[in-house]
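Scroll down for the structure; my scribbles are underneath it.
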Amino acid sequence: MNNLINITIDGKKYQAHEGKNLVEAAKENGIYIPTLCHFHEINPPLGTCRICTVSVNGKTTTSCTTKVYEGMEVEINTPELLNTRKAIIEMLYAEGNHFCPSCEKSGNCELQNLGYDMGITNSRFPHVYSNKVVDFTSDRMIMESNRCILCKRCVEEIKTKDGKDVFSFVSRGVKTRVHIDYEQEKKLTDAEAMHAMSICPVGAILVKGMIYEQPFGDRKYDISGTLKETEIHTDFIKRNDENKFIVATTSLAGCFGCHMSLLDIDLEILDILEIVEFNKSPLTDIKKFSKRCDIGLIEGGCANSENIEVLKEFRKKCDILVAFGECAIMGGIPAMRNFVPLKECLEEAYIHGLTSEIGTNIIPNHEDIPKLLNNVYPCNEIVKIDYYIPGCPPNANHIWKVVKNILLNEEYSITHEEFKYD
Amino acid sequence: MFLIMVTKENALQRSNLLNVLWDIQRKRRFISRDDMKKIAKEFSISMIELEGVISFYHFFHLQNAGKYTIYLNCSTISQHKDYQAVKKTFQDELGVLIGNVTKDNLFGFFKTSCIGLSDQETSALINNYPFTNLTPKKVKTIISKLKKGQSLESLSNYPKDNIKYRPEKDAKTIFFKTYTKGEGLKQLVSLKPEDVIDLISKSKLSGRGGAFFPTGMKWKLCRNNKSDQKYIICNADEGEPGTFKDRVLMNKYPGLLIEGMTIAGYAVGATEGTIYLRAEYLYLKDKIEAAIKDFEEAGLLGKNILGLKGFDFKVTVQLGAGAYICGEETALIASMEGKRGEPTTKEYFPVEKGFLGKPTVVNNVETLCTVPRILEMGLENYLKIGTKQTPGTKLLSVSGDCKKPGVYEIEWGMKLKDFLNLIEAEDPHVVLFNGFSGECLSEVDFDREISGENLLAEHIQFKFNDPIEYSRKMSGVGLRSGGSFMVFNKKRDLIGILKNITKFFVAESCGICVPCRTGNFLLNKKINKIMFGHAELKDLEEIREWSFIIKQSSRCGLGKTSTNCLLTAMLKFPEEFKKHLTAESNFNHSFNIENAVENYNTIIQEIESTYE
């Protein structure tokens, strides 16, 4: 173990202790390999999250399960491997139901942090719409399966004093979930329960009453982070006759918060008006497209038939479509209804709800009223979306930078503060 | 009460858990919460861990699965036979849809992946009794007789061996020739364990389950690990769709297998052997156990075998419970230990720390059956058969569009086109070689030989993007298979076959890593998209990209190979995909507004009538 050996990482030579885990060996040399399931106490390594996938002597494998040896050649940051790691994170976002704006762990979430680090604005994979439960049964803990990434940390790490498992995988394949044993959970001390919550890399395990400790801005991943270089698209520039760009905006199933954020550009909005003319938009109150637009900004996802119609019209009338805000990108808060049968949602809203008048029993239903869809869909599952601006709401500077880039083809980078999912 | 069938001395050992669960499942037709509480207490594990185990295996049920639990094979070969009609008849006769249990709890009707009867499809298992060559008429008879109380045993039909070919001369044959009990084993009298390992290494015998790891090396590694106890495990979890040669071997030559295990035990210094038998082959269990008893009585198992002092070996049978992944050796070991059958990260190989943490050799049935034959016929004679890299013969399980489905013993080195003639393939268009985790072969490959010569590294083999380059580089490359050989004619819908494959991997992924768990699920959706004519060219590009990501980053062989068929099919049969494509557009064609609001319309009607 104490033997120093030579390894090559991305073409450069380093020394490391023989037999050391590659994640740790790289870290000691100042090289970061992202991981989710791995944490330093765990032995043997879990190898479940696959994010530390690298190439060792030409073969892909996970770093956490690899021990270093003399002459080992490691590739970490090739474009292909960077893409694979990004894809795994995106797949985790697609399979779970991750609503950063309403998540207790937001800001302290390792999955979210990797999303930030990799500059992920949306998932390339379509949403799985998996039906997962939030289990409140236990007195002390909440098991929020929607957020669980099945890293197995809790299953392996959290045991009772008599050696019994508190968490376990149940079922298999795409239906695999982590369930909690209520009886065993009672046996844990408060400190052990807190440990379970803290080793969960996402917000799946929560201890009641012990959440939202730090305010926004002070959370772990609010503070640390890097600039995001964003791809420059060059194929979209086009000016109309009057030399002004034409922009349309709309809010589908959203709260108009993204539009409010748009106005937060402050005085720069005057600059915008120099070069931009707004067409159909709630800002201008123009209801119908009167001409073809360069850019369409979409807030909100698709919850009903009207949203679909509007979105499709935007796609037809705009050269570039930008989804801005979590709802447009992944359904957001309205999509939380996807896990409750639509019938229950309607009954709760119009019949059993506290605010509905007793005995009225009417669900508004008319051919002029849009029909609710079976699910709330992200915009990119209906039409092609060209750009994504995450955030709830997105940072005004971020919106402005993206729009400016598209219109003027100006290079830009996004600061960590401007790149948020919540 | 449920521990009756478990011997007293090991009643509480975790490795007995699956047996206990089987006892209860078979007696009560499901494992109730009350039973679970008792089991959890007996084994001193938490309820949730127990539920984790039960829910992992698809033959265990948490709700009543019916006095008669019917599993109809839904894999491709079955689909191409009478699956649809047979399924419909079952549903009509029972009055329930597939996946359900009748109200009186008499029948449960489920589907299952390949059950190792591809040469006699459509087939089903009822309480693990085999029913082959099913037709709607047969189904009606079976159900009505069961309702009248006739026994399953009397109704089921024991599968035929269907051995269709072996090399003409005995000298060229390894398996399908006269077997004399103990003939291979007794050669040990003049061999030291090291000599046996040396012999097997020189024979170049390699893992016949499909991984082709050198057997001699595996034994040597295990022998070199000092331990008070070592284990030999026979992997009889023949789960790869389309393969059934181990079924035939175990049915016809159980003695050969026992001898192979005993020789392996002698070579590595193990005294205990277990045959991990897939539950789909439950009907073979009695036969194998009878053979074990027979060997014990003949002094060929037990203590001081062949009079060799200290040469002790015993063999037992452990039943699986329905999980393809348990064919992976570390998952198999986990399953034998009474856990969820999840593969490990190979921090240690089984030869270092295997079953119960002890050095363990896991070998396939065919591999182990070859061993006594090598000893019996002598290395020199063995090496005269087959090719340089792959001496000997290979068993192939043949099914699909050919006149003679069944098991073939062929000498390594036979050309694929000659083999297609041998099985009397009818207008062969696509060959699924080496099962669902294998590859698609087309006419370009028909001149290649079935052997282990001139192999290419796997990551090169599946990265070809250009068919011309593929045929140029691959024409001299040998083809190795664990044993599955499915052939399809031009009339078969390739996309439908691929859909069956991806569905299989969705069902059989253990769920531990996201690329395999969700990646295969998403690919299955993509294939649906193609089938419905909603896919564009970019969807094909995405399929390719995603397949590589799954291949690159999955945790075990299941995920790493799950997209091989899809990738090779796209390379070799691009026209089959392109004919389904629609023009590029900015709109996702698979989103259908009528379908998306259909729910709403019915719900509104329901609510209006409820609260009227």
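Letters A, B, ... are given to chains in the order of the sequence lines, protein chains preceding strands, and every chain is numbered from 1.
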Problem - Lys/Arg cation over aromatic A:F125: B:K525, 6.0 Å, 45° cone - result: no
Exercise for the section: Establish, from distance only, whether the side-chain atoms of A:N97 and A:N146 form a donor-acceptor pair under 3.5 Å. Expected result: yes
Handout entry: chain A contact via B:F548 - side chain, backbone, both or neither, heavy atoms under 4.5 Å
Key = neither
Problem - Check: B:R340 side chain, A:S171 main-chain N or O, donor-acceptor pair, under 3.5 Å - result: yes
Handout entry: Heavy-atom contact with chain B under 4.5 Å, split by part of A:P341
Key = neither
Handout entry: Contacting region of B:I512 [heavy-atom separation from chain A under 4.5 Å]
Key = both
Completion exercise
Most heavy-atom pairs under 4.5 Å with chain A, out of B:M47, B:K526, B:R555, B:Q552, belong to B:R555
Practice task
Heavy-atom pairs under 4.5 Å with chain A are the metric here; pick the option from B:H58, B:E542, B:K560 that has the most.
Solution key: B:H58
Problem - Which portion of B:E606 sits near chain A, non-hydrogen atoms under 4.5 angstrom - result: side chain
Problem - Region of A:R124 that comes under 4.5 Å of a non-hydrogen atom in chain B - result: both
Practice task
Would you check if there is a donor-acceptor pair between the side chains of B:E328 and B:T330 at a distance under 3.5 Å?
Solution key: yes
Handout entry: Electrostatic pair A:K187-A:D162, nearest N-O below 4.0 angstrom
Key = yes
Practice task
Identify which of B:L50, B:V514, B:T345, B:V597 forms the greatest number of heavy-atom pairs closer than 4.5 Å to chain A.
Solution key: B:V514
Completion exercise
Whatever's closer than 4.5 Å to a heavy atom in chain B on A:L46 counts as backbone
Practice task
Specify which of A:L321, A:L92, A:T53 makes the most heavy-atom pairs with chain B at under 4.5 Å.
Solution key: A:L92
Exercise for the section: Scan side-chain atoms only and decide if B:N528 and B:K499 contain a donor-acceptor pair under the 3.5 Å cut-off. Expected result: yes
Exercise for the section: Using a strict cut-off of less than 4.0 Å between a Lys/Arg side-chain nitrogen and an Asp/Glu carboxylate oxygen, indicate whether B:E342 and A:K152 qualify as a salt bridge. Expected result: yes
Practice task
Answer with yes or no after comparing the ring centroid distance for B:Y324 and B:F436 against a 6.0 Å cut-off, counting only values under it.
Solution key: no
Exercise for the section: Sort A:F167 into side chain, backbone, both or neither according to what part of it lies under 4.5 angstrom from a heavy atom of chain B. Expected result: backbone
Completion exercise
Scored by heavy-atom pairs under 4.5 Å with chain A, the best of B:G52, B:S590, B:G341 is B:G52
Problem - Part of B:Y600 within contact of chain A (heavy atom distance under 4.5 Å) - result: both
Practice task
Could you grab the distance from atom CD of A:E185 to atom CE of A:M141, nearest 0.5 Å is fine?
Solution key: 4.5 Å
Problem - Heavy-atom pair count under 4.5 Å with chain A, highest-scoring of B:N595, B:I325, B:V53, B:I549 - result: B:I549
Handout entry: When B:T602, B:I45, B:I54 are compared by non-hydrogen pairs under 4.5 Å with chain A, the top option
Key = B:I45
Exercise for the section: Could you tell me whether the side chains of A:D165 and B:S46 share a donor-acceptor contact shorter than 3.5 Å? Expected result: no
Practice task
Answer yes or no: is there an ion pair linking B:K339 with B:E49, defined by an N-O contact shorter than 4.0 Å?
Solution key: no
Problem - Among the listed options A:T66, A:I308, A:T65, the residue most often paired with chain B at heavy-atom distances under 4.5 Å - result: A:I308
Fill in the blank from the handout: Whatever's closer than 4.5 Å to a heavy atom in chain A on B:I603 counts as side chain
Practice task
For B:N520 and B:C516, indicate whether the former's side chain and the latter's backbone hold a donor-acceptor pair under 3.5 Å.
Solution key: yes
Handout entry: A:V155 portion near chain B, given a 4.5 angstrom heavy-atom threshold
Key = neither
Exercise for the section: With a 4.5 Å cut-off on heavy-atom pairs, point out which of A:I385, A:T62, A:T61, A:I88 contacts chain B the most. Expected result: A:I88
Exercise for the section: Compute whether any side-chain donor of one residue and acceptor of the other, for B:E598 and A:N374, lie under 3.5 angstrom apart. Expected result: no
Completion exercise
Bottom line for B:N601: the part with an atom under 4.5 Å from chain A's heavy atoms is side chain
Practice task
Verify, without hydrogens or angle tests, whether B:R278 (side chain) and B:G320 (backbone) share a donor-acceptor contact under 3.5 angstrom.
Solution key: no
Problem - Gap between atom CG of B:L567 and atom CG of B:N465 - 0.5 Å precision - result: 10.0 Å
Completion exercise
Within residues 172-180 of chain A, the residues sitting under 4.5 Å from chain B by heavy atom, in sequence order, are A:R172, A:G173, A:V174, A:T176, A:H179, A:I180
Handout entry: Proximal component of A:I149, with respect to chain B [non-hydrogen, under 4.5 Å]
Key = backbone
Handout entry: Best-contacting candidate, A:T60, A:V383, A:L372, against chain B by heavy atom pairs under 4.5 angstrom
Key = A:L372
Handout entry: Between OG on residue A:S123 and CD1 on residue A:I89, distance to nearest 0.5 Å
Key = 10.5 Å
Exercise for the section: Against chain A, label B:A507 side chain, backbone, both or neither, depending on which of its atoms sit under 4.5 Å from a heavy atom there. Expected result: backbone
Practice task
Could you look at B:S554 and say if it's the side chain, the backbone, both or neither that has a heavy atom under 4.5 Å from chain A?
Solution key: backbone
Practice task
Please state whether the rings of B:H534 and B:H589 are parallel, tilted or perpendicular, taking 30° and 60° as the class boundaries.
Solution key: parallel
Problem - chain A contact via B:F521 - which portion, at a heavy-atom distance below 4.5 Å - result: side chain
Handout entry: Side-chain H-bond candidate by donor/acceptor type, A:Y377 with A:N338, under 3.5 Å
Key = no
